[in-house]
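Presented below is the structure to which this report refers.
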There are 2 protein chains.
Amino acid sequence: MSRPEDVASIPLFEGLPGDEVEQLSAIAADRSFRRGESIFLEGDEGDGFYVVLSGRVKVFKLSMEGKEQTLHLFGPGEPFGEVALFAGRRFPANAEALEESRILFFPREAFAGLIRQNPSVAMNLLALLSVRLRRFTALIEDLSLKEVPGRLSAYLLYLSRQRQGGTDLALDVTKAQLASLLGTIPETLSRILGRMSRQGLIESDGRRIRILDLEGLESLAEGGGF
Amino acid sequence: MSRPEDVASIPLFEGLPGDEVEQLSAIAADRSFRRGESIFLEGDEGDGFYVVLSGRVKVFKLSMEGKEQTLHLFGPGEPFGEVALFAGRRFPANAEALEESRILFFPREAFAGLIRQNPSVAMNLLALLSVRLRRFTALIEDLSLKEVPGRLSAYLLYLSRQRQGGTDLALDVTKAQLASLLGTIPETLSRILGRMSRQGLIESDGRRIRILDLEGLESLAEGGGF
DNA sequence: CGTCGACTTGAGTTAACTCAAATCATGTGG
DNA sequence: CCACATGATTTGAGTTAACTCAAGTCGACG
């Protein structure tokens, strides 16, 4: 159903013996999704989990009124939907392809044994879930204890760190997407970008953002007022 | 350092062979904390993890201005601080005893081997982290997509479910604590309890809350307006 | 009985939201 | 190469949930 080299390329399965990889790829389904296509919905039965091969996937919550809170964006090599395997059986959120994406699906049974036999897979999973827990902790902190400018600053600083401290950033998501990631709405994000530009903290042109005052941003991200 | 029967009573170690329990209890430190005493601070090096034997522990984030967001309350049998073992090495939040508590500390090295040798411990941990991830997902949803009355309703319904659908609830935390759990402040919580009482949704007297209109609460928790 | 912590209430402020509309960017078909 | 359609972004005006600060009130315990 899927190619062994694709399975072997997944960090989660790093160091897995060749025959196990073969077995896994025999049962994994290789699926494609178009931009905007739904992969699963909150409440769906979680009969397995997914790994992004190419493209990008958004995992998000939806409120009754239609507001969206993005929990996480996943790119190539990253697994998602595993939580349903270990607790609760149902997906706690929605997943949708942000662009044309190729995605592997591993059915649940394929997996129980694998983990027992391969402690390294279990360790990888533990590390993975821990990292995600840490991210969620940060998101909760942001939502509860920071205002939008603080969250935006934290995000920009995170991007800057990811690029070895570069101050020339190019958003890899739309601003509406970024708003959803920060727990706000596009209008608010737009106004705050404007304000931060006027104050000389950043320079913003479309998806290109240049950081002008790193310390100013840091103080904002820590919780300093405007 | 600690008693084997205490270690054996921890659900995480369920089904662990006797000699492993002995080994673990030999290296686990049995510590006591007074009400309000700090167990660790955000940013501290995580050289191990903890399990509550008795009492209660609050894990929380603190903002610059002193507002607190409770992430989780832990009771007897529950481990906390494990995230630092698998990712990041440092605690992402603060922990403090809410009351006189006895707590076991397991140093990091005690553990790496244990997991490799005992798949069931690894599975227990995976399940544990998954449940926590699910809770955090719900908390993020609450903070981002619901207003305080919705969060409070969800919490009351959760308490009611925990008590087999009973409608007579007794808070086991102070209202200030509850406010922090819901991501708000005591004043706001107080006003909203008042409003919900006036509307006949609940009856509130000190820490005793009686649910009068289950459906009304459910509609609020789903995101319906007041 | 006085004190301390927990809780409530009042008054005023504000960040962020909603709704509506204008503007800009991009890509497609003619 | 232009004109329009579509989606992304910005701007404006008005509203509101929840916050801050300040001042009670309540209740339990020494």
Side-chain angles (χ1 to χ4, degrees), chain A residues 34-36 58 63-70 96 98-100 142-153 170-199 202-209 220 223-226, chain B residues 34-36 58 63-70 98-99 142-153 170-199 202-209 220 223-226:
Chain A
R34 263 160 302 143
R35 166 193 169 81
K58 167 178 72 177
S63 79
M64 218 42 71
E65 300 85 36
K67 189 183 168 194
E68 221 178 88
Q69 171 68 49
T70 298
E96 124 182 4
L98 280 183
E99 39 190 88
E100 176 76 26
D142 282 1
L143 289 172
S144 176
L145 305 178
K146 290 180 188 163
E147 325 191 316
V148 179
R151 296 179 214 161
L152 175 57
S153 299
L171 298 180
D172 52 356
V173 293
T174 70
K175 289 187 178 167
Q177 201 28 255
L178 177 56
S180 165
L181 211 42
L182 298 179
T184 186
I185 56 177
E187 292 96 317
T188 297
L189 176 60
S190 177
R191 287 184 234 273
I192 287 172
L193 278 170
R195 181 143 46 113
M196 284 169 64
S197 295
R198 254 173 278 122
Q199 310 209 339
I202 60 172
E203 209 171 83
S204 161
D205 169 43
R207 288 200 181 181
R208 172 149 268 100
I209 294 179
L220 263 181
F226 239 115
Chain B
R34 263 160 302 144
R35 166 193 168 79
K58 168 178 71 176
S63 79
M64 219 40 73
E65 300 85 36
K67 189 182 168 193
E68 221 178 88
Q69 170 68 50
T70 299
L98 280 184
E99 38 191 89
D142 283 1
L143 290 172
S144 176
L145 304 178
K146 290 180 188 162
E147 325 191 316
V148 178
R151 295 179 214 162
L152 175 57
S153 299
L171 298 181
D172 53 354
V173 293
T174 71
K175 289 189 179 167
Q177 201 27 255
L178 177 56
S180 165
L181 211 41
L182 298 178
T184 185
I185 56 176
E187 291 97 317
T188 297
L189 176 60
S190 177
R191 286 184 235 273
I192 286 173
L193 279 169
R195 181 146 42 116
M196 284 170 64
S197 294
R198 254 172 278 122
Q199 310 208 339
I202 61 172
E203 209 170 83
S204 161
D205 168 44
R207 288 201 180 181
R208 172 150 267 100
I209 293 179
L220 262 181
F226 238 116

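Model, not experiment: these values are computed from the prediction.
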When the distance from [atom1] of [X] to [atom2] of [N] is rounded to whole Å, what number comes out?
{"X": "A/E68", "N": "C/dC17", "atom1": "CD", "atom2": "P", "answer": "14 Å"}
{"X": "B/L145", "N": "C/dT18", "atom1": "CG", "atom2": "P", "answer": "11 Å"}
{"X": "B/L98", "N": "C/dA6", "atom1": "CG", "atom2": "P", "answer": "11 Å"}
{"X": "B/K175", "N": "C/dT8", "atom1": "NZ", "atom2": "C1'", "answer": "9 Å"}
{"X": "A/L143", "N": "C/dA15", "atom1": "CG", "atom2": "P", "answer": "18 Å"}
{"X": "A/L178", "N": "D/dA8", "atom1": "CG", "atom2": "C1'", "answer": "13 Å"}
{"X": "B/D142", "N": "D/dA18", "atom1": "CG", "atom2": "C1'", "answer": "16 Å"}
{"X": "A/Q177", "N": "D/dT9", "atom1": "CD", "atom2": "P", "answer": "10 Å"}

Could you tell me which non-hydrogen atom of [X] sits nearest to which non-hydrogen atom of [Y], and how far apart they are?
{"X": "B/A179", "Y": "B/L189", "result": "N-CD2, 3.8 Å"}
{"X": "A/L182", "Y": "A/L143", "result": "O-CD2, 4.1 Å"}
{"X": "B/G183", "Y": "B/R151", "result": "O-NH1, 3.3 Å"}
{"X": "A/D172", "Y": "A/R207", "result": "C-NH1, 4.2 Å"}
{"X": "B/R208", "Y": "B/A170", "result": "NH2-CB, 4.2 Å"}
{"X": "A/Q69", "Y": "B/S144", "result": "OE1-OG, 2.6 Å"}

*What string of B, S and - do you get for nucleotides 23-30 of chain D 5' to 3' if you count protein non-hydrogen atoms under 4.0 Å?*
--------
*For B/S204, check side-chain hydrogen bond (donor to acceptor under 3.5 Å, both in side chains) against everything at least two apart and list the hits.*
none
*asked:* Looking at A/R35, I want to see if its CZ is surrounded by more than 12 non-hydrogen atoms of other residues, nucleotides or ligands under 6.0 Å.
replied: no
*Of residues 185-198 of chain B, the positions that come close to DNA chain D - non-hydrogen atoms, cut-off under 4.0 Å*: B/I185, B/E187, B/T188, B/R191
*Return no unless some side-chain N or O of B/K67 is found under 4.0 Å from OP1 or OP2 of D/dT20.*
no
*Any A/T184 side-chain nitrogen or oxygen under 4.0 Å from OP1 or OP2 of C/dC17*: yes
*Just grab all the side-chain hydrogen bond (donor to acceptor under 3.5 Å, both in side chains) pairs involving residues 178-193 of chain B, residues at least two apart or on different chains.*
B/T70-B/S180
*Counting any heavy atom closer than 4.0 Å, what does A/K146 reach on the DNA or RNA strands: base, sugar-phosphate only, or nothing?*
nothing
*Angle, rounded to 10°, between the helical axes spanning five pairs at each terminus of the helix from C/dC1-D/dG30 to C/dG30-D/dC1?*
30°
*Are A/K175 and A/L193 side-chain neighbours, meaning at least one heavy-atom pair lies under 4.5 Å?*
yes
*With respect to the side chain of B/P149, which nucleotide from C/dA6, D/dT9, D/dA18 is positioned closest?*
D/dA18
_A/D205, A/I202, A/I192 screened by side-chain contact (heavy atoms from CB on, under 4.5 Å) with A/S197, the one that passes_ = A/I202
_Taking salt bridge (Lys or Arg N to Asp or Glu O under 4.0 Å) as the definition, give me every residue that meets it alongside B/K146, ordered by chain and number, with sequence neighbours left out._
B/D142
